[in-house]
Participant: 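First, the structure itself, so that you have it in front of you.
Here is how names work: the chains are called A, B, and so on, in the same order as the sequence lines, proteins then strands, and each is numbered from 1.
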Amino acid sequence: MGARRVVLLADLDYFYSQAEELRNPSMRGKPVVVCVYSGRTEESGVVATANYEARKYGVRSGMPIALAKKRLSGADPVFLPVDFPYYKEVSERVIGIMKEYSDQLEQVGLDEAYLDVSNRVEDFAEAEQLAKEIKRRVLQEAGLKLTIGVGPNKIIAKMASDAAKPDGLMVIRPENVEEFISPLPVDKIPGVGKKTAERLERMGIKTIKDLAQFDPVRLVDEFGESLGAHLHAASRGEDEDPVRGRAEAGSMSRIITLKENTKDLKAVLPKVDEICEEIHERAVREGVLFRTIGIIAITSDLGIKTRTKSLPAPTDDLGTLKRESSELVKKFLQSTDKEIRRIGVHISDFTRREKGQRTLSGYI
DNA sequence: TAAGTTAATTCCC
DNA sequence: TTAGGGAATTAACTTA
Ligand SMILES: Nc1ncnc2c1ncn2[C@@H]1O[C@H](COP(=O)(O)OP(=O)(O)OP(=O)(O)O)[C@@H](O)[C@H]1O
Ligand SMILES: [Mg+2]
């Protein structure tokens with residue numbers, strides 16, 4: 001029961017930029033920056049990712065495009081818009097190769113996958129050889145570099161990969177877990193983001209060593225049963241979370257940036273209608289019915305607000321989608337004084353539309 | 001009081 | 001100071 005595991009985390013290096021270099025190899029050696037343009041002004045938007053040539057100049061994911069341009073002036077950079085369908089295609093080729101190495105594969109986003117190889121290897125030395133083979137094959141057959149972390153669980157595999165990138169391989173055996181994690185800052189623990197790291201810092205906890213020495217009862221007190229226990233276990237390098245395949249896509253969303261911030265419902269509703277039409281078209285094309293409708297509003301202070309409503313029955317009716325989305329936006333604007341910067345619509349709680357299935361359409 | 005449902009948030013890529 | 005996807009937690013409410 002709960003036999004010791006060998007878990008591997010494979011993470012493609014600077015993925016979107018690397019995919020672009022694959023499509024156009026003449027860009028290799030130059031800084032390549034993949035951008036999400038918002039359309040508000042000519043250059044508004046952020047960097048999705050940048051290759052390591054660009055990172056040398058301090059360019060990072062999430063950085064405004066204008067700042068990246070400034071940092072790269074004179075460095076002969078290439079700026080490209082994101083192309084999700086292409087990255088998805090490239091990703092599928094890579095995941096296909098990895099699936100040959102374990103039937104326990106958990107994909108995370110487009111560029112990462114956990115593999116539980118406990119049944120395929122005898123020890124960590126063998127896992128290291130397997131990881132080398134995966135790296136070799138992904139490079140030969142898909143043309144991409146990646147980093148692999150190997151450990152006794154998902155958290156350690158992930159932290160090993162983070163420490164080894166780019167084009168790296170790091171194996172952390174159980175007996176080396178403590179020395180590996182102790183000196184690292186707490187925000188290197190997967191699941192500890194900005195908010196949690198700030199709270200820990202206020203409690204005087206900066207490194208994982210600090211966290212390991214802290215009274216677990218007080219952690220649970222502070223952070224609740226789940227996060228408190230997770231923090232304590234992680235500080236000791238322990239993590240039982242299994243590698244498991246993820247379900248098919250269960251939601252669709254589309255969010256846009258408005259030309260100008262507004263609190264005027266009449267200015268937002270036409271956009272909401274357009275977004276609903278796009279999402280509806282995709283839902284019908286993919287044959288899904290949705291039972292939950294939501295809106296996402298990013299306010300001028302960049303706060304993220306969501307409002308959702310569950311329907312009495314699944315539907316794919318456009319009128320219902322538009323009515324409910326509009327209603328949620330209207331109620332949101334009535335509940336606040338803030339201006340809206342970005343607006344989006346979200347559908348979820350899918351069931352597949354079976355042949356000839358009918359729905360309660362257009363209910364009120 | 002327990003169990004299910006709904007809505008909002010936090011965190012991940 | 002972006003987009004689109006996912007998992008998990010938690011609080012509040014409903015129902016049995
Ligand atoms: N803030 C972001 N906004 C939009 N897309 C992002 C953002 N951060 C990461 N991504 C996209 O997700 C992909 C995977 O993210 P990840 O954190 O693995 O970084 P990466 O670009 O692959 O770099 P590396 O893994 O070498 O550090 C990236 O290629 C990237 O383009
Ligand atoms: Mg990556």
Participant: Taking CZ from A:Arg199 and P from C:dT9, how many angstroms apart are they, rounded to a whole number?
Facilitator: 15 Å
Participant: Is there a donor in the side chain of A:Ser91 and an acceptor in the side chain of A:Asp111, or the other way round, less than 3.5 Å apart?
Facilitator: no
Participant: Base, sugar-phosphate or nothing for A:Lys88? Non-hydrogen atoms, less than 4.0 Å.
Facilitator: nothing
Participant: Under 4.0 Å: is that the gap between some side-chain N or O of A:Lys305 and OP1 or OP2 of B:dT9?
Facilitator: yes
Participant: Answer with base, sugar-phosphate or nothing: what part of the nucleic acid does A:Arg291 contact at a heavy-atom distance below 4.0 Å?
Facilitator: sugar-phosphate
Participant: The side chain of A:Met252 lies closest to which of these nucleotides: C:dG5, C:dT1, B:dC11?
Facilitator: C:dG5
Participant: According to a strict under-4.0 Å criterion, is A:Arg307 in side-chain N/O contact with OP1 or OP2 of B:dA7?
Facilitator: no
Participant: Is there a side-chain contact between A:Ser348 and the phosphate of C:dG5, meaning an N or O under 4.0 Å from OP1 or OP2?
Facilitator: no
Participant: Could you check how far CG of A:Leu231 sits from P of C:dT9, rounded to whole Å?
Facilitator: 13 Å
Participant: Are OP1 or OP2 of C:dG5 and a side-chain N or O of A:Ser253 less than 4.0 angstrom apart?
Facilitator: yes
Participant: I'd like to know if the side chain of A:Arg55 pairs up with that of A:Ser17 as donor and acceptor (distance under 3.5 Å, no hydrogens or angles considered).
Facilitator: no
Participant: What is the nucleic acid contact for A:Met63, judged by heavy atoms within less than 4.0 Å: base, sugar-phosphate only, or nothing?
Facilitator: nothing
Participant: Between A:Ser38 and C:dT1, is there a side-chain N or O to OP1/OP2 distance below 4.0 Å?
Facilitator: no
Participant: Taking only the side-chain nitrogens and oxygens of A:Lys158, find out if one of them lies under 4.0 Å from OP1 or OP2 of B:dC13.
Facilitator: yes
Participant: Measure the distance from OH on A:Tyr16 to P on C:dG4 and round it to the nearest whole Å.
Facilitator: 11 Å
Participant: CD of A:Glu260: more than 12 outside heavy atoms within 6.0 angstrom?
Facilitator: no
Participant: Does a side-chain N or O from A:Arg244 land closer than 4.0 Å to OP1 or OP2 of C:dA8, or not?
Facilitator: yes
Participant: Could you check, using the six-membered ring where one of them is a Trp, whether A:Phe350 and A:Phe290 have ring centers closer than 6.0 angstrom?
Facilitator: no
Participant: So what does A:Val192 touch, heavy atoms closer than 4.0 Å: a base, only the sugar-phosphate, or nothing?
Facilitator: sugar-phosphate
Participant: Remember a base hit wins even if backbone is also touched, and classify A:Thr257 as base, sugar-phosphate or nothing at under 4.0 Å, heavy atoms.
Facilitator: sugar-phosphate
Participant: Atom OH of A:Tyr87 to atom C1' of C:dA3: distance rounded to whole Å?
Facilitator: 12 Å
Participant: Could you tell me the separation between the CG atom of A:Asp187 and the C1' atom of B:dT10, rounded to a whole number of Å?
Facilitator: 15 Å
Participant: If you count every heavy atom of other residues, nucleotides or ligands that lies below 6.0 Å from A:Glu175 atom CD, does the total exceed 12?
Facilitator: yes
Participant: If you measure only the distance, is there a donor-acceptor pair under 3.5 Å linking the side chains of A:Glu20 and A:Tyr86?
Facilitator: no
Participant: So, does A:Thr196 get its side chain near the phosphate of B:dC11, meaning an N or O under 4.0 Å from OP1 or OP2?
Facilitator: yes
Participant: Counting any heavy atom closer than 4.0 Å, what does A:Gly294 reach on the DNA or RNA strands: base, sugar-phosphate only, or nothing?
Facilitator: nothing
Participant: Could you give the CG-to-P distance, from A:Asn261 to C:dT2, as a whole number of Å?
Facilitator: 11 Å
Participant: Starting at the 5' end of DNA chain C and moving along, which residue's nearest nucleotide shows up first, A:Glu225 or A:Ser251?
Facilitator: A:Ser251
Participant: A:Glu198 CD to B:dT9 P: how many Å, rounded?
Facilitator: 17 Å
Participant: Measuring from the side chain of A:Val36 (C-beta onward, heavy atoms only), which nucleotide among C:dT2, B:dC13, C:dG6 has the closest atom?
Facilitator: C:dT2
Participant: Looking for any heavy atom pair under 4.0 Å, which part of the strands does A:Ser226 touch: base, sugar-phosphate only, or nothing?
Facilitator: sugar-phosphate
Participant: From the options C:dA3, B:dC11, B:dA8, select the nucleotide whose nearest atom is closest to the side chain of A:Thr308.
Facilitator: B:dA8
Participant: Assign A:Leu302 to base, sugar-phosphate, or nothing according to its heavy-atom contacts below 4.0 angstrom with the strands shown.
Facilitator: base
Participant: Could you tell me how far apart A:Phe15 (CZ) and C:dG5 (C1') are, to the nearest whole angstrom?
Facilitator: 14 Å
Participant: Among B:dA8, C:dG4, C:dG5, which nucleotide sits nearest the side chain of A:Arg254?
Facilitator: C:dG4
Participant: When you measure from the side chain of A:Glu112, which nucleotide among C:dG5, B:dC13, C:dA3 comes out closest?
Facilitator: B:dC13
Participant: Around A:Glu126, counting heavy atoms of other residues, nucleotides and ligands shown, do more than 12 lie under 6.0 Å from its CD?
Facilitator: yes
Participant: Using heavy atoms to find the nearest nucleotide of DNA chain C for A:His346 and A:Ser61 separately, return the residue whose nucleotide is more 5′.
Facilitator: A:Ser61
Participant: Could you tell me whether the phosphate oxygens of C:dT2, OP1 or OP2, come under 4.0 Å of any side-chain nitrogen or oxygen in A:Arg341?
Facilitator: yes
Participant: Give the nucleotide from the list B:dC13, B:dA7, C:dA3 with an atom nearest to the side chain of A:Phe84.
Facilitator: C:dA3
